[in-house]
Amino acid sequence: MAKEGAEKADETEQMIEKEGGKEAGEGSGSLRAGDTKEMRAVLLSGFGGLNKLRVSKKVMPEPQEGELKIRVKACGLNFIDLMVRQGNIDNPPKTPLVPGFECSGIIEALGDSVAGFEIGDRVMAFVNYNAWAEVVCTPVEFVYKIPDDMSFSEAAAFPMNFVTAYMMLFEVANLREGMSVLVHSAGGGVGQAVAQLCSTIPGVTVFGTASSFKHEAIKDSVTHLFDRNADYVQEVKRISAEGVDIVLDCLCGENTGKGLSLLKPLGTYILYGSSNMVTGETKSFFSFAKSWWQVEKVNPIKLYEENKVIAGFSLLNLLFKQGRSGLIKGIMDKLITLYNEKKIKPLVDSLWALEEMSRTIQVFAESEYTSVADLGRSELSSDLNEYSGTHFSTACSTLFKGLQSI
Ligand SMILES: NC(=O)c1ccc[n+]([C@@H]2O[C@H](COP(=O)([O-])OP(=O)(O)OC[C@H]3O[C@@H](n4cnc5c(N)ncnc54)[C@H](OP(=O)(O)O)[C@@H]3O)[C@@H](O)[C@H]2O)c1
């Protein structure tokens with residue numbers, strides 16, 4: 001399975017790059033206002049299991065005022081997409097819908113009043129749903145030019161993971177020289193972005209939890225790695241009796257109390273996910289209730305006495321509900337500078353065709369929980385052959401390949 005995926009990924013990556021240049025010039029010329037064209041997209045017909053996803057034809061969108069039309073070359077599959085599929089998110093939109101929050105591609109048309117971009121520009125973008133399609137339209141404030149040496153596949157794995165990591169470390173927690181950070185799911189897309197960004201600041205110690213089989217692959221990026229099932233509170237305290245300066249918690253449930261207990265005075269705990277609520281193919285009310293019940297009830301007076309900070313972070317809300325695209329644009333500029341200085345690099349594990357969507361997700365769904373861990377494994381390296389013989393599946397930082405071939 002992994003080998004098959006690896007071969008296809010190579011082929012498709014070449015295809016993406018080759019087709020990229022060609023389509024940049026072609027697309028715009030053939031499009032006129034009033035044209036109704038079709039495109040393919042992955043459609044989620046209702047919340048639930050894998051059978052709710054299929055590739056379908058849809059009317060191709062045209063850019064409205066202030067929007068850019070992007071011919072998608074690659075799009076990211078993040079953990080949040082898994083939660084969307086299950087309906088495991090706050091205020092889920094109505095189905096049917098096209099999932100996906102980030103993509104890369106080539107600008108094919110400009111809406112009125114758009115400045116700073118031209119047809120043919122290589123870009124990466126946030127999209128408020130609809131990224132898993134051949135063409136997307138999104139407001140110009142969510143679009144960023146891709147550095148020359150960044151591939152489309154890297155670009156589709158870049159914005160969500162790195163902006164989330166950067167915002168939490170530098171804007172919310174104020175990471176500085178010599179501090180220590182605990183991050184869960186350290187082998188995942190955000191986890192690896194956190195580790196890379198921490199390495200840009202001298203003397204930062206990173207504690208991470210991840211499934212043991214990933215440790216070999218990520219050991220160089222994380223100072224102290226613990227198995228996800230280990231008693232990490234004891235392990236951290238054994239190494240650093242005072243605890244850590246920053247806890248990044250994407251698990252929630254019982255980990256909230258554990259994270260708070262590990263904070264040094266003036267330390268910051270940030271909740272940014274609730275992975276513990278995901279336990280199977282469909283939404284589980286039991287997992288939701290259990291996670292909710294286990295969250296430590298925090299007394300603000302205790303926080304003041306102990307000098308601790310609790311924060312929450314949601315990039316999608318910041319972007320799409322709270323109007324902070326200007327702030328995120330500034331962060332993207334900083335991240336692109338770090339990329340150009342070769343201090344950070346998005347990790348792409350695998351590329352899959354759009355129509356392979358259901359099959360690839362099926363692979364990990366079949367073995368339920370552990371299979372999702374396998375997803376993480378597939379994220380860790382762009383060398384797919386490294387994982388031959390294991391289930392090789394899509395996950396965060398994983399891109400759909402070959403959209404032009406569907
Ligand atoms: N708030 C925001 O703005 C924001 C933005 C992006 C992501 N996130 C959150 O950050 C977390 C990581 O996202 P990602 O996209 O980086 O994930 P990812 O790359 O898909 O990594 C997923 C990893 O999470 C671990 N995990 C922990 N609990 C799990 C569960 N119940 N089911 C499956 N896997 C589980 C597994 O690693 P191990 O087995 O090694 O533990 C898995 O490989 C998610 O909770 C996501 O919702 C939040």
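Remember, it's 1-based here, ligands and their atoms both numbered in the order they're listed. Starting from 1, each residue takes its place in the sequence as its number. The figures that follow rest on heavy atoms only: side chains count, while hydrogens, waters and symmetry mates do not.
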Inset, instruction - Could I get the full list of side-chain contact (heavy atoms from CB on, under 4.5 Å) partners for V140, not counting sequence neighbours? - result: L68, V114, F117
Legend entry - Atom indices of ligand 1 within 4.0 angstrom of Y272 heavy atoms, with elements: 1 (N), 2 (C), 4 (C), 8 (N), 9 (C), 10 (O), 48 (C)
Legend entry - Proximity to ligand 1 by part of T164, non-hydrogen separation under 4.0 Å: side chain
Legend entry - Per-atom contacts, ligand 1 versus C250 - under 4.0 Å to a heavy atom: 10 (O), 11 (C), 45 (O)
Legend entry - Whether F226 and F207 hold their rings parallel, tilted or perpendicular, with breakpoints at 30° and 60°: parallel
Legend entry - F79-ligand 1 polar pair, N/O distance under 3.5 Å: yes
Inset, instruction - Kindly indicate whether the side chain of Q196, heavy atoms from C-beta on, has any atom under 4.5 Å from the side chain of T200. - result: no
Inset, instruction - Give the contacting part of T209 toward ligand 1: side chain, backbone, both or neither, where contact means a heavy-atom distance below 4.0 Å. - result: neither
Inset, instruction - Would you please determine whether G187 falls within less than 4.0 Å of ligand 1 on a heavy-atom basis? - result: no
Inset, instruction - Under 4.0 Å, heavy atoms only, figure out whether ligand 1 is touched by the backbone of K214, its side chain, both or neither. - result: side chain
Legend entry - Gap separating the CG atom of N161 from the CG atom of L347, nearest 0.5 angstrom: 9.0 Å
Inset, instruction - Could you tell me whether S275 and ligand 1 have an N or O pair separated by under 3.5 Å? - result: yes
Legend entry - R238 with D231: basic N within carboxylate O range, under 4.0 Å: no
Legend entry - Salt bridge K329-E141, side-chain N to carboxylate O under 4.0 Å: no
Legend entry - Heteroatom distance test (A210, ligand 1): nitrogen or oxygen, under 3.5 angstrom: no
Legend entry - For V190, atoms of ligand 1 separated by under 4.0 Å from a heavy atom: 6 (C), 7 (C), 16 (O)
Inset, instruction - Please confirm whether Y166 and F162 have ring centers closer than 6.0 angstrom. - result: no
Inset, instruction - Evaluate the side-chain contact (heavy atoms from CB on, under 4.5 Å) criterion for residues M160 and L316: first the C-alpha distance (whole Å), next the side-chain angles of each, then the deciding distance (0.1 Å), finally the verdict. - result: CA-CA 9 Å; M160 179 87 88; L316 295 179; 4.2 Å; yes
Inset, instruction - Return the option from G189, S211, S274 holding the heavy atom at the smallest distance from atom 19 (O) of ligand 1. - result: G189
Legend entry - Beyond-backbone contact of E134 with V72, side-chain heavy atoms, under 4.5 angstrom: no
Inset, instruction - Enumerate the atoms of ligand 1 whose separation from the nearest heavy atom of L251 is less than 4.0 angstrom. - result: 27 (C), 28 (N)
Inset, instruction - Closest by any non-hydrogen atom to atom 3 (O) of ligand 1: pick that one out of V183, N88, L315, L316. - result: L315
